[in-house]
Amino acid sequence: MKTLLVVYHSMTGGTEQMARAFVSGAAEEDGTMTRLLHASVAGAVDVIEADGYVFATPENLAAMSGQMKDFFDRCYYPALERINGRPYAVLVCAGSDGQNAVRQIDRIATGWRLRRVAEPLIVCTHAQTPEAILAPKTVAAADLERCRESGRALAAGLALGVF
């Protein structure tokens, strides 16, 4: 049985909805156990014991969230050279384009020597005013289905040894 670790942070609920939809899709596949952990509690042991990863973050000030950065910082040295070549994917709930958050995670994953196996899945809320940015988010059903589909695909690839 392979383990897929989904680490997320969510400020207004959008990223959490995406991560939970991803986990729901992954659960449909046999041969993979999926663990969903908030970035504040996920640690190096969780990373080392997993066979693949999904990093889910909101876009904050054109970057990944501080909680996600903290997770990466805390786990970097203990995991270094112990997870080389493992697969990962990225989910971003963005107010604008989410590309810089993806770039940041990709750069960190390069340092961790991970291998991205799926295109980043970015959901754009177009929240640009302070009120819209701080408001609770509801991710559209079609976008949640894309997350579920991504979960199914990554779990199947991990279970079959494709990644």
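Interatomic distance, OG of S40 versus CZ of R74, reported as 7.5 Å (0.5 Å rounding). To the nearest 0.5 Å, atoms CZ (F22) and OG (S150) are separated by 4.5 Å. Atom OG1 of T3 is separated from atom CE of M33 by 3.5 Å, given to the nearest 0.5 angstrom. Rounded to the nearest 0.5 angstrom, T32 OG1 and K2 NZ are separated by 8.5 Å. The line from CD1 of I108 to CE of M64 is 3.5 Å long, rounded to the nearest 0.5 Å. In this structure, CG in L154 is found 8.5 Å from OG1 in T34, a value given to the nearest 0.5 Å.
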Working for side-chain contact (heavy atoms from CB on, under 4.5 Å), residues T15 and L91: CA-CA 8 Å; T15 306; L91 305 176; 5.7 Å; no
Kindly determine whether E145 and R152 satisfy salt bridge (charged side-chain N to carboxylate O under 4.0 Å, His left out), including the steps that lead there. CA-CA 10 Å; E145 182 54 36; R152 285 189 293 272; 2.8 Å; yes
**Asked** Can T57 and H9 be said to form a side chain to side chain donor-acceptor pair (under 3.5 Å), step by step?
**Response** CA-CA 5 Å; T57 185; H9 179 246; 5.4 Å; no
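Residue T12 comes nearest to L134 through the heavy atom pair CG2-O, 3.6 Å, listed as atom of the first residue, atom of the second, then distance. Closest heavy-atom contact between C93 and M18: CB-SD, 3.7 Å. Contact between E29 and A156 at its shortest, heavy atoms only, is OE1-CB, 3.6 Å. The shortest non-hydrogen separation linking G95 to C124 is O-SG, 3.7 Å. Of all the heavy atoms in R148 and A141, the pair that sits closest is NH2-O, 4.2 Å. Residues C75 and A42 come closest through the heavy atom pair SG-O, 4.3 Å.
Not counting sequence neighbours, the partners of D97 by the side chain to side chain contact (heavy atoms under 4.5 Å, CB included) test are E59, Q99. Residues meeting the side chain to side chain contact (heavy atoms under 4.5 Å, CB included) test with A19, sequence neighbours left out: V6, Y8, L36, A56. Every side chain to side chain contact (heavy atoms under 4.5 Å, CB included) that R86 has, sequence neighbours left out, goes to Y53, I83, L114.
Ring geometry for F55 versus F72: interplanar angle over 60°, hence perpendicular rather than tilted (30 to 60°).
Proximity of a side-chain donor or acceptor of R115 to a complementary backbone N or O of G85 within less than 3.5 Å is detected. Distance alone, capped at 3.5 Å, is enough to place a donor-acceptor pair between the S10 side chain and the E16 backbone. Between the side chain of Q17 and the backbone N or O of G13 there is at least one donor-acceptor pair closer than 3.5 Å. Using modelled atom types, one side-chain atom of T110 and one backbone atom of D106 make a donor-acceptor pair closer than 3.5 Å.
Side-chain contact check for L37 versus D46: some heavy-atom pair is nearer than 4.5 Å. Put simply, the side chain of V92 reaches to within 4.5 Å of the side chain of V90, judged on heavy atoms. Contact of the L121 side chain with the R146 side chain is registered, since non-hydrogen atoms from C-beta on lie closer than 4.5 Å. Side-chain contact between W112 and Y88 is absent, with no heavy atoms from C-beta onward closer than 4.5 Å. Proximity of V102 to I122: side-chain heavy atoms (C-beta onward) are separated by under 4.5 Å at one or more points.
Under the 4.5 Å side-chain contact rule for hydrophobic residues, Y76 and V7 share a cluster. L5 and V162 fall into different hydrophobic clusters, where Ile, Leu, Val, Met, Phe, Trp and Tyr residues are linked whenever their side-chain heavy atoms come under 4.5 Å apart, directly or through other members. Following chains of ILVMFWY side-chain contacts shorter than 4.5 Å, one cannot reach L4 starting from I48, and the two form parts of different hydrophobic clusters. Neither V45 nor V41 shares a network with the other; the hydrophobic side chains, linked directly or stepwise wherever heavy atoms of I, L, V, M, F, W or Y lie under 4.5 Å apart, form separate groups for each. L80 is connected to I105 through a chain of hydrophobic side-chain contacts under 4.5 Å among Ile, Leu, Val, Met, Phe, Trp and Tyr, so both are in one cluster.
More than 12 heavy atoms of other shown residues, nucleotides or ligands fall within 6.0 angstrom of atom CZ in R113. The environment of D73 atom CG is dense: over 12 non-hydrogen atoms of other residues, nucleotides or ligands sit within 6.0 angstrom.
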